[in-house]
Amino acid sequence: MTAVYLDWNASSTLRPQAQAAVTAALAVTGNPSSVHAAGRAARRLVEEARERVAALVGAAPGEVVFTSGGTEANMLALSPTMGDTLLVSAIEHPSVIGGGRFAKVDQIPVTSAGELDLAALEARLRGRTRPLVSVMLANNETGAIQPVAQAAAMVHAAGGLIHVDAVQAPGRIACDVKTLGADLMTLSAHKIGGPQGVGALIRRATTNPAPLIIGGGQERGARAGTENVAGIAGFGVAAQVVADAVQNEAERMTVLRDRLETGIRAIEPKAVIFAADVPRLPNTTLYGLAGMKAETAVIAFDLAGIALSSGAACSSGKVAPSHVLAAMGVAPELARSAIRVSLGYLTTPDDIEAFLNAWAKVKESLYKARNKHEIAA
Ligand code: PLP
């Protein structure tokens, strides 16, 4: 049985064009910092990729700092040189919610619909002099798109800077640093069909995060260490493919996602789709059914040949319900049942039907297991 992969928010299949770029770059000898021809060839690969990644989000190439991924870019962004206090939304990725290099972090609540509470942000900005605020563009669990441009305007009016974790956005929705008003933006290659272990921090000219890694002065002193040339080359090509394809892919995924959600509800009308009332990524559905245990359901789906996650991949295995659903005020029993289905560029209508067949069986077995008790509404 070929597994149907529906866990694209956790990681995506390497795009063939990116794979070709990685393979070609691995054959290039030379350190990008060396002045000889071999070094210059490696440097060219890095700089071409920098241009492509910058173009994906409307930034200048000089604003791109390559990192080992989204986690490192988030840690780099959350530097105490960027503000005297840190505010982050309550639904951020663990690499942001921990506060990076700030000793103290305050959270901004979200609404029960899964969106940043802008009135709460405004209240929390009052009286601060140089706040750094971190708000993700799209949530990795619910897919809820956050009102980043409005938040940025408020933060700037308060004399602060805003960091935007945009890891889940490119290829799915428009993602432009200037339109969003982002001062710092995090990207990750493996979420857009590039290789794992490479990402970038877009650092606008107004910002100056202190480096996390100090050494040979690479990345204009922002991130030392010989560049991951092959990974960076693959990231650049993936960025270019995604930039060209965003409109078509988003429309195609919306159709698939709508069929998916209609099917989930037709099989079990009591299923709850989280953040369904706010704008969401076209590829993400997080749903739950009170009484179901997400860990058990994920295993049952796996046995049926469907790969998906319970909430965020990084928190799988933990019994505690997702901090995102907790922040939305979802009851713990319902939150513990949350299953995330996320689609990508290879997802087909047949994959959706295969998922729905499996869901019908998973749901059936659940009812059998609890045959004496109706699943709670
Ligand atoms: N930010 C968000 C919103 C994510 O979903 C992830 C990955 O799951 C990351 C950051 C971390 O990115 P990486 O896996 O490249 O470290």
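We count ligands from 1, going down the list as the structure has it; atoms in each ligand are counted the same way.
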Tell me, please, whether Y345 has R15 positioned over its six-membered ring: NZ or CZ under 6.0 Å from the ring centre and within 45 degrees of its axis?
yes
Pairs touching residues 188-222 that satisfy ring pair (Phe, Tyr, Trp, His ring centres under 6.0 Å), sequence neighbours left out:
none
Quick test of your reading of the model: are D7 and R340 salt-bridged, counting only N-O distances below 4.0 Å?
yes
Proximal atoms of ligand 1 relative to H190 (non-hydrogen, under 4.0 Å)
13 (P), 14 (O), 15 (O)
Taking 4.0 angstrom as the limit, do R50 and E219 come out as a salt bridge?
yes
Just by distance, with hydrogens left out, do S68 and E72 show a side-chain donor and acceptor under 3.5 Å apart?
yes
Any heavy atom of K191 closer to ligand 1 than 4.0 angstrom?
yes
If the cut-off is 4.0 Å to any non-hydrogen atom of G69, which atoms of ligand 1 fall inside it?
15 (O)
Relative to ligand 1, is Q168 under 4.0 angstrom through side chain, backbone, both or neither, heavy atoms considered?
side chain
Counting heavy atoms only, which of S188, A169, P94, S95 comes nearest to atom 15 (O) of ligand 1?
S188
Which option out of M136, E92, H93, M75 puts a heavy atom nearest to atom 4 (C) of ligand 1?
H93
Just checking, any donor-acceptor pair under 3.5 angstrom between side chains of T285 and E261?
yes
For ligand 1, is any non-hydrogen atom under 4.0 Å from V96's backbone (N, CA, C, O), its side chain (CB onward), both, or neither?
neither
Once you restrict to heavy atoms under 4.0 Å, what part of V167 touches ligand 1? Side chain, backbone, both or neither.
side chain
Enumerate, atom names and distances included, each donor-acceptor pair closer than 3.5 Å involving a side-chain atom of residues 227-234, sequence neighbours excluded.
unit_1	atom_1	unit_2	atom_2	d
E227	OE2	R43	NH2	3.2
N228	OD1	G231	N	3.0

If you compare L187, D165, I91, T186 by their heavy atoms, the one closest to atom 3 (C) of ligand 1 turns out to be D165
